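In what follows, a structure is listed as structure tokens, so that the remarks can point back to it.
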Amino acid sequence: MKAAVILLPGLNRDRDMIAAITRISGQPPVTVWQTDTTIPDVDLIIVPGGFSYGDYLRCGAIAARMPFMKALQEKAAQGVKVMGVCNGFQILLEGGLLPGALMRNASLKFVCREVELEVSNASTAFTGGYAQGQIIRCPVAHHDGNYFADEATLKRLQDDNRIAFRYANGTNPNGSIDDIAGILNAEGNVLGMMPHPENLIEQAHGGDDGRALFESALGLVAA
Amino acid sequence: MIKARVIVTLKNGVLDPQGKAIEGALSALSFDGVDQVRQGKVFDIAVEHDDKAKAEADLNAMCEKLLANTVIENYTVELV
């Protein structure tokens, strides 16, 4: 399976993401610059984390208006797997690929720590390598991860099993509604999440709980 | 030249932690009777031409496409 990583000015987790994909799949992802109007044929497209455009206006707002977004929307509509992590999640929301919004953390503080995540839906293209309800460790590092959606949208996410990850055991770091850490689109091929699974993929990281997510998304385990 | 002011505010029901913190700081400064603070954004935009109708339409489109996130924010456009 081939992967692509989107690059934008101000991202800083792109190299971690490229390293994780290379280590896990054995081949480096192709990279797509923000002004590229086409994305090569790949099976997985990742928008990594960081601070694109300095978080000006709203996190991810400017990035989501760059030329690559139209190509990304087309690929997502064709069923290609798309994953946004942290700023990448914010960019997918601003680009309309996922519903809701990410607001300033309820504490108003930047949080950089490890949290626990519950795999709330293990029957997705991204989470098949986990057991339903499994609790995994995962680092977070963000200032605006407080997920918000109106009541109707939240109910739809809950009823349609589109909440992939929830913060578990009281570790919600940002006040996110229903402890939401990651959500899927209606078709299940777009995942957005605030935590950084790419930073926990081998023992040198202190654990590899994030690895199964990449193995699932890259088709290395049966979904 | 047309000058406009766009105001973007959080919708009712959307938690505003920054507004809450400001509220707390005002009360710490002994300003009594502040019921609520909601923080928003102001954009002062100058348009090159003098076509008011076009300016208004363009500014509304700017809000929809970029300046506001209509999931959580409302906006108003005022020509000044």
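Note that the structure is predicted; figures quoted are calculated from it, not measured. Chain letters run A, B, ... following the sequence lines, proteins first and then strands; every chain starts at 1.
When every heavy atom of A68(B) is checked against every heavy atom of R58(A), the shortest pair comes out as C-NH1, 3.4 Å. Between A106(A) and P17(B) the shortest heavy-atom distance is O-CB, 3.8 Å.
At a 4.5 Å heavy-atom cutoff, the contact between E73(B) and chain A is made by side-chain atoms alone.
Chain B is approached within less than 4.5 Å, heavy atom to heavy atom, by E94(A), G100(A) from residues 85-100 of chain A, ordered by number.
The local environment of CZ in F110(A) is crowded, with over 12 non-hydrogen atoms from other residues, nucleotides or ligands closer than 6.0 Å. Within a 6.0 Å sphere centred on CG of D160(A), other residues, nucleotides and ligands contribute more than 12 heavy atoms. Atom CD of E151(A) has 12 or fewer neighbouring heavy atoms from other residues, nucleotides or ligands inside a 6.0 Å radius. By the neighbour-count criterion of 12 heavy atoms within 6.0 Å, atom CG of D50(B) is densely surrounded, having more than that number from other residues, nucleotides or ligands. More than 12 heavy atoms of other residues, nucleotides or ligands lie within 6.0 Å of NZ in K41(B), so this atom counts as buried by the packing criterion.
If you tally non-hydrogen atom pairs under 4.5 Å between each of D150(A), I62(A), N146(A), L108(A) and chain B, the highest count goes to L108(A). Taking chain B as the reference chain and counting heavy-atom pairs below 4.5 Å, the highest number among A149(A), A101(A), A64(A), S107(A) is found for A101(A).
Between F148(A) and I72(B) the shortest side-chain heavy-atom distance falls below 4.5 Å.
A side-chain contact (heavy atoms from CB on, under 4.5 Å) with M103(A) holds for exactly one of V14(B), N69(B), D16(B); it is V14(B).
Between the side chain of K65(B) and the main chain of R65(A), no donor-acceptor pair closer than 3.5 Å is present.
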